[in-house]
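Note: hydrogens, waters and symmetry copies are ignored here, and every other heavy atom, side chains too, is used. Per chain, numbering begins at 1; letters A, B, ... match sequence-line order.
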2 protein chains.
Amino acid sequence: MSTTTINARDFSTSLARGLRVITAFDRDNDEMTLSEVARRADMTRAAARRYLLTLCELGYVTGDGKYFRLTPRVLELGFAFLTSMHIWERAQPFMERLTEQVNESCSISVLEGSDIVYVARVPTKRIMSVALGIGTRLPAFCTSMGRVLLADLRPSELDQFFNDGDFKPLTPHTLTDPALLREKVSEARRDGYAMVDQELEIGLRSIAVPIRNQAGRVLAAMNVSGHASRITAEEMQQRYLSPLLYAAEGIRMALA
Amino acid sequence: MSTTTINARDFSTSLARGLRVITAFDRDNDEMTLSEVARRADMTRAAARRYLLTLCELGYVTGDGKYFRLTPRVLELGFAFLTSMHIWERAQPFMERLTEQVNESCSISVLEGSDIVYVARVPTKRIMSVALGIGTRLPAFCTSMGRVLLADLRPSELDQFFNDGDFKPLTPHTLTDPALLREKVSEARRDGYAMVDQELEIGLRSIAVPIRNQAGRVLAAMNVSGHASRITAEEMQQRYLSPLLYAAEGIRMALA
DNA sequence: AACTATTGTGCGTTATACGCACATTAAGTC
DNA sequence: GACTTAATGTGCGTATAACGCACAATAGTT
């Protein structure tokens with residue numbers, strides 16, 4: 001996670017600002033006026049206008065004379081990444097079988113910076129879900145998959161994670177003390193799994209295991225999550241850990 | 001689909017070129033050297049290098065000293081669009097029920113330019129599939145969903161579609177004669193559904209209906225697709241059309 | 001009609017991004 | 001090790017891309 005700032009003359013401010021215009025759009029601002037885009041992207045109206053017109057020309061944005069909105073074409077910007085993760089297609093049958101077996105949702109994620117990013121997901125029938133899951137980012141420090149992924153970092157990488165860390169509590173249960181978090185990561189390393197109990201969200205329990213490659217290196221983490229009202233932490237460990245490990249092993253062999 | 005070229009001084013070439021670097025990555029080129037990126041993005045090595053370094057700095061690309069690859073963060077560029085399409089979450093239960101009922105895959109797409117773009121998908125258990133479906137683009141002229149969407153265009157819009165059209169056959173069954181295609185679109189308008197039989201892919205049959213809003217305007221199309229060896233075109237129309245229409249009506253009411 | 005907010009746009013100026021050319025490094029072959 | 005080929009790193013002079021301002025035009029509200 002080394003971040004060395006590049007030579008200023010190698011940095012393209014126009015590209016960076018243009019991408020800021022794209023990311024100014026979000027779930028709550030899926031359509032905006034020119035002035036709103038300029039405010040959210042933190043640039044002058046004229047600059048925002050040029051970038052919006054450029055994105056319209058390229059087909060990534062559309063406008064009706066007053067409001068601008070993103071088009072499906074912007075998916076192509078992330079699509080190259082998504083399709084490059086095609087190896088997770090092979091995990092799908094194992095995840096489906098696991099979901100049927102434990103009757104809970106199942107996800108796979110990778111570590112990126114201080115977050116985990118979902119790369120595959122099979123929801124249980126009870127929870128409505130679309131491909132929204134893919135690309136979702138959650139903080140690594142208070143998720144079961146995050147702790148499993150942190151457990152595989154080298155000591156220097158883990159040190160940097162904790163140095164950069166900004167551990168804000170998301171629920172009254174969220175652990176934020178770096179020493180306690182380090183201990184949890186060590187436990188995950190020792191036990192080969194991690195469980196998180198209502199630290200990310202009240203009512204949410206999840207248990208995760210690593211997915212390794214043939215060399216034993218951790219590629220991703222896979223979890224099963226459920227509602228605290230339906231299963232105790234102890235029950236989750238007793239009933240879900242074995243099928244999780246079994247599915248992870250199947251995925252390991254499938255990826256070989 | 002009017003494409004008026006904007007004033008050259010309003011067009012940001014740096015943003016456009018930077019985006020070309022991102023889209024240079026694809027399924028077959030998920031990691032590339034600097035020179036490969038420059039070739040695929042059609043720019044000098046020095047320019048490609050500056051954009052790659054900029055994208056690294058922003059976290060969208062990572063490099064190991066030789067190869068560059070996209071990071072999950074690029075999903076955030078398209079994610080704003082994806083989350084803005086959150087209304088399709090409500091379609092999910094109807095699609096799942098339909099998939100269970102007819103034992104085939106089900107998708108929803110919207111029209112963009114001359115393509116359809118998948119916005120929701122529920123695959124049947126037999127076909128391995130992840131969220132890859134979302135964002136997939138297919139030509140509108142030879143897909144059942146495409147013809148249903150074309151059927152709702154205004155005459156001037158439809159004229160432009162055919163004027164811009166480049167209808168290449170994908171299989172020996174693909175219709176490419178604009179007059180025949182117009183007739184198929186008219187049939188879709190008249191019948192309220194369209195069926196395509198092995199025009200996109202040998203062995204693939206699909207039937208689609210429109211999803212309308214309360215005002216009757218077509219928002220999207222939904223299809224069910226199956227293999228030609230398992231079901232005849234006539235059987236598909238007789239067995240799948242009613243449940244498709246029923247599911248589309250349910251989605252219409254759910255979106256209200 | 002008056003006022004406020006927003007958008008469109010020409011243009012002089014600034015600084016961003018360009019590509020070249022040379023040095024360095026890496027990889028492959030003999 | 002020597003040689004060749006390919007790829008990469010980078011400084012820098014130059015051109016022009018992009019900047020923001022300021023004013024006109026439009027839209028919405030009262």
Side-chain angles (χ1 to χ4, degrees), chain A residues 2-26 28-71 77, chain B residues 2-26 28-71 77:
Chain A
S2 171
T3 54
T4 58
T5 306
I6 65 175
N7 188 329
R9 285 174 69 117
D10 291 330
F11 188 81
S12 170
T13 50
S14 296
L15 173 59
R17 301 179 92 211
L19 294 174
R20 282 216 312 270
V21 166
I22 297 177
T23 56
F25 292 86
D26 65 15
D28 298 316
N29 297 278
D30 62 338
E31 64 174 18
M32 288 187 284
T33 64
L34 168 58
S35 297
E36 282 171 327
V37 172
R39 272 198 297 279
R40 285 180 56 83
D42 190 29
M43 61 180 66
T44 64
R45 215 177 27 81
R49 180 172 178 273
R50 287 190 296 269
Y51 289 124
L52 281 169
L53 291 181
T54 302
L55 292 167
C56 284
E57 184 79 4
L58 299 173
Y60 295 109
V61 159
T62 189
D64 65 5
K66 183 176 170 69
Y67 291 107
F68 293 91
R69 52 171 53 245
L70 297 178
T71 68
L77 297 173
Chain B
S2 171
T3 55
T4 57
T5 306
I6 65 175
N7 188 330
R9 285 173 70 116
D10 291 329
F11 188 81
S12 170
T13 50
S14 297
L15 173 58
R17 299 179 94 214
L19 293 175
R20 286 217 310 270
V21 167
I22 298 176
T23 57
F25 292 86
D26 65 15
D28 298 316
N29 298 278
D30 61 339
E31 65 174 19
M32 287 186 284
T33 65
L34 167 59
S35 297
E36 282 170 328
V37 171
R39 273 197 296 278
R40 285 180 56 84
D42 192 29
M43 62 181 65
T44 63
R45 212 176 32 80
R49 180 172 177 273
R50 286 190 297 267
Y51 289 126
L52 281 169
L53 291 180
T54 303
L55 291 167
C56 283
E57 185 79 4
L58 299 173
Y60 295 110
V61 160
T62 188
D64 65 7
K66 183 175 171 66
Y67 291 107
F68 293 91
R69 51 170 56 246
L70 297 178
T71 68
L77 297 174

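- Dashed line: the shortest gap from a side-chain N or O of B:Thr33 to OP1 or OP2 of D:dA7 is not under 4.0 Å.
- Distance A:Asp64 CG to C:dT6 P: 16 Å, rounded to the nearest Å.
- With rounding to whole Å, B:Arg20 atom CZ is found 10 Å from C:dC18 atom P.
- Nucleotide D:dC19 holds its P atom 12 Å from the CG atom of A:Leu15, rounded to whole Å.
- Looking at B:Leu19 and A:Tyr60, their side chains come closer than 4.5 Å, going by heavy atoms from C-beta outward.
- Listed for the B:Thr71 side chain is a donor-acceptor partner under 3.5 Å among the backbone atoms of B:Gly59.
- The side chain of B:Arg45 lies closest to C:dA21 when the candidates are D:dG20, C:dA21, C:dA17.
- A donor N or O paired with an acceptor N or O is not found under 3.5 Å between the base of C:dG19 and the side-chain atoms of B:Arg49.
- Although no hydrogens or angles enter the test, the distance criterion places no donor-acceptor pair under 3.5 Å between the side chain of A:Ser14 and the main chain of B:Ser14.
- Distance from the side chain of B:Ala46 is smallest for C:dG19 among the nucleotides C:dG19, D:dG20, D:dA17.
- For the OP1/OP2 pair of C:dA17 and a distance below 4.0 Å, the side-chain nitrogens and oxygens of A:Ser14 include at least one atom meeting the criterion.
- Side-chain atoms of B:Arg9 come within donor-acceptor range of the base of C:dG12, with a qualifying N/O pair under 3.5 Å.
- Atom P of nucleotide D:dG11 and atom CG of B:Leu53 are separated by 12 Å, given to the nearest angstrom.
- Contact between the side-chain N/O atoms of A:Arg50 and the OP1/OP2 oxygens of D:dC19 is found at a separation under 4.0 Å.
- Distances shorter than 4.0 Å separate none of the side-chain N or O atoms of A:Ser35 from OP1 or OP2 on C:dT6.
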B:Asp26/B:Arg40 under side-chain contact (heavy atoms from CB on, under 4.5 Å): CA gap, chis, key distance, verdict | CA-CA 11 Å; B:Asp26 65 15; B:Arg40 285 180 56 84; 3.0 Å; yes

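- Mapping A:Asp10 and A:Met43 onto DNA chain D by nearest heavy atom places A:Asp10 at the nucleotide closer to the 5' end.
- DNA chain C is contacted by both A:Phe11 and A:Leu34; A:Leu34 maps to the nucleotide lying nearer its 5′ end (nearest heavy atom per residue).
- One distance of note links CG of B:Leu15 with OG1 of A:Thr13; it measures 11.5 Å at 0.5 Å rounding.
- For B:Arg17, counting side-chain heavy atoms from C-beta on, the closest listed nucleotide (C:dT7, D:dA18, C:dC18) is C:dC18.
- Distance alone, capped at 3.5 Å, is enough to place a donor-acceptor pair between the A:Arg20 side chain and the A:Asp42 backbone.
- Atom-to-atom, CG of A:Leu52 to C1' of C:dT9 comes out at 15 Å; the value is rounded to the nearest Å.
- Here the side chains of A:Val21 and A:Met43 are in contact, with some heavy-atom distance below 4.5 Å.
- Phosphate contact (OP1/OP2 of C:dA15, side-chain N/O of A:Thr13, threshold under 4.0 Å): absent.
- Of the side-chain N and O atoms in A:Tyr67, none sit less than 4.0 angstrom from OP1 or OP2 of C:dT6.
- End-to-end axis angle of the helix from C:dA1-D:dT30 to C:dC30-D:dG1, from C1' rotation axes over five pairs per end: 60° (rounded to 10 degrees).
- Without hydrogens or angle criteria, A:Thr54 side chain to B:Ser12 main chain gives a donor-acceptor distance under 3.5 Å.
- Comparing A:Ala47 and B:Glu36 by the nucleotide of DNA chain D that holds the closest heavy atom to each, the one mapping nearer the 5' end is B:Glu36.
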